[in-house]
*Asks:* 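Have a look at the structure that comes next, please.
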Amino acid sequence: MQMFKPWLNSSQLHTLLGGYFGSLFFVLILTSIGNLETCVFGKNFQVKVFPEVLLSLVIALVASATIHRVCATSCLLLSLCALYYVNKYSQKVYNLQAPPVIVQTGKKKRH
């Protein structure tokens, strides 16, 4: 993004595009932190809001803010939307349903 800073500052649409690039950067950072924690702590470890998501969000916002303030704002909004859809997809794929409990309603037999 720093290499294309003059181009990203050239118009309003390009500034919003810089925020979109920042949100992609957020998703990539969050994914890499999640994969690193899975390798280190095991397969059942989950990414939490604090510190993983907030750290990824701050890094992406700082990277976008070095381009333009509007880039940082659009990065924040688009990153929150991306986080919602990543969470929704994760729940769909990794949410394990508990097996149904079978309740017997018949009378007990006496021996």
Side-chain angles (χ1 to χ4, degrees):
M1 288 172 58
Q2 285 295 321
M3 290 172 45
F4 295 104
K5 184 176 179 176
W7 184 76
L8 290 172
N9 282 328
S10 65
S11 73
Q12 292 176 351
L13 185 61
H14 294 159
T15 305
L16 294 176
L17 186 65
Y20 175 72
F21 290 151
S23 69
L24 289 179
F25 188 55
F26 164 74
V27 171
L28 291 175
I29 293 170
L30 186 64
T31 303
S32 63
I33 289 174
N35 287 339
L36 177 68
E37 287 178 343
T38 300
C39 290
V40 172
F41 298 120
K43 196 168 183 117
N44 292 328
F45 194 81
Q46 295 179 351
V47 174
K48 296 173 185 59
V49 173
F50 182 78
E52 292 93 354
V53 173
L54 289 178
L55 178 69
S56 302
L57 187 61
V58 166
I59 292 171
L61 286 175
V62 167
S64 294
T66 59
I67 304 300
H68 198 278
R69 288 180 291 176
V70 177
C71 256
T73 305
S74 59
C75 173
L76 175 66
L77 296 174
L78 292 171
S79 295
L80 292 177
C81 291
L83 183 64
Y84 171 75
Y85 284 109
V86 165
N87 185 34
K88 188 176 177 181
Y89 180 75
S90 175
Q91 293 296 321
K92 185 173 111 178
V93 172
Y94 296 109
N95 194 12
L96 299 176
Q97 297 291 331
V101 177
I102 300 173
V103 179
Q104 295 180 355
T105 58
K107 296 181 180 180
K108 294 183 179 179
K109 295 180 181 179
R110 293 187 181 180
H111 289 49

*Asks:* For L76, does its backbone N or O pair with a side-chain atom of S79 as donor and acceptor, under 3.5 Å?
*Replies:* no
*Asks:* Between I67 and M1, what is the shortest heavy-atom contact and its length?
*Replies:* CD1-O, 3.3 Å
*Asks:* Looking at CZ of F21 and CG of L17, how far apart are the two atoms once the value is rounded to the nearest 0.5 Å?
*Replies:* 4.0 Å
*Asks:* For the atom pair OG (S56) and CG (L28), what is the distance rounded to the nearest 0.5 Å?
*Replies:* 10.0 Å
*Asks:* Identify the two heavy atoms, one from S64 and one from G18, that lie closest to each other, and give their separation to 0.1 Å.
*Replies:* OG-O, 4.2 Å
*Asks:* Which pairs of donor and acceptor atoms, one on a side chain in residues 80-93, lie under 3.5 Å apart (sequence neighbours left out)?
*Replies:*
none

*Asks:* Would Y20 and L16 count as a side chain to side chain contact (heavy atoms under 4.5 Å, CB included) if you check the C-alpha gap in whole Å, the side-chain angles of each, and the deciding distance to 0.1 Å?
*Replies:* CA-CA 6 Å; Y20 175 72; L16 294 176; over 6 Å; no
*Asks:* Which residues satisfy the side-chain hydrogen bond (donor to acceptor under 3.5 Å, both in side chains) test with Q2, sequence neighbours excluded?
*Replies:* T66
*Asks:* In Å, rounded to the nearest 0.5 Å, how long is the span from CG of L57 to CG of L30?
*Replies:* 9.5 Å
*Asks:* Roughly how far apart are L55 CG and I29 CD1, rounded to 0.5 Å?
*Replies:* 8.0 Å
*Asks:* Where do F25 and A60 come nearest, in terms of heavy atoms and distance?
*Replies:* CD2-CA, 3.9 Å
*Asks:* Ring of F45, cation from K48 - is the NZ or CZ under 6.0 Å from the centre and inside 45° of the axis?
*Replies:* yes
*Asks:* Working to the nearest 0.5 angstrom, can you tell me the gap between I33 CD1 and T38 OG1?
*Replies:* 11.5 Å
*Asks:* What is the minimum heavy-atom distance between G19 and S74, and which atoms define it?
*Replies:* CA-OG, 3.2 Å
*Asks:* Checking H68 side chain against T15 main chain: does a donor-acceptor pair fall under 3.5 Å?
*Replies:* no
*Asks:* Drop me the distance from E37's CD to C39's SG, to the nearest 0.5 angstrom.
*Replies:* 10.5 Å
*Asks:* Apply side chain to side chain contact (heavy atoms under 4.5 Å, CB included) to L78 and F26, showing your working.
*Replies:* CA-CA 10 Å; L78 292 171; F26 164 74; over 6 Å; no
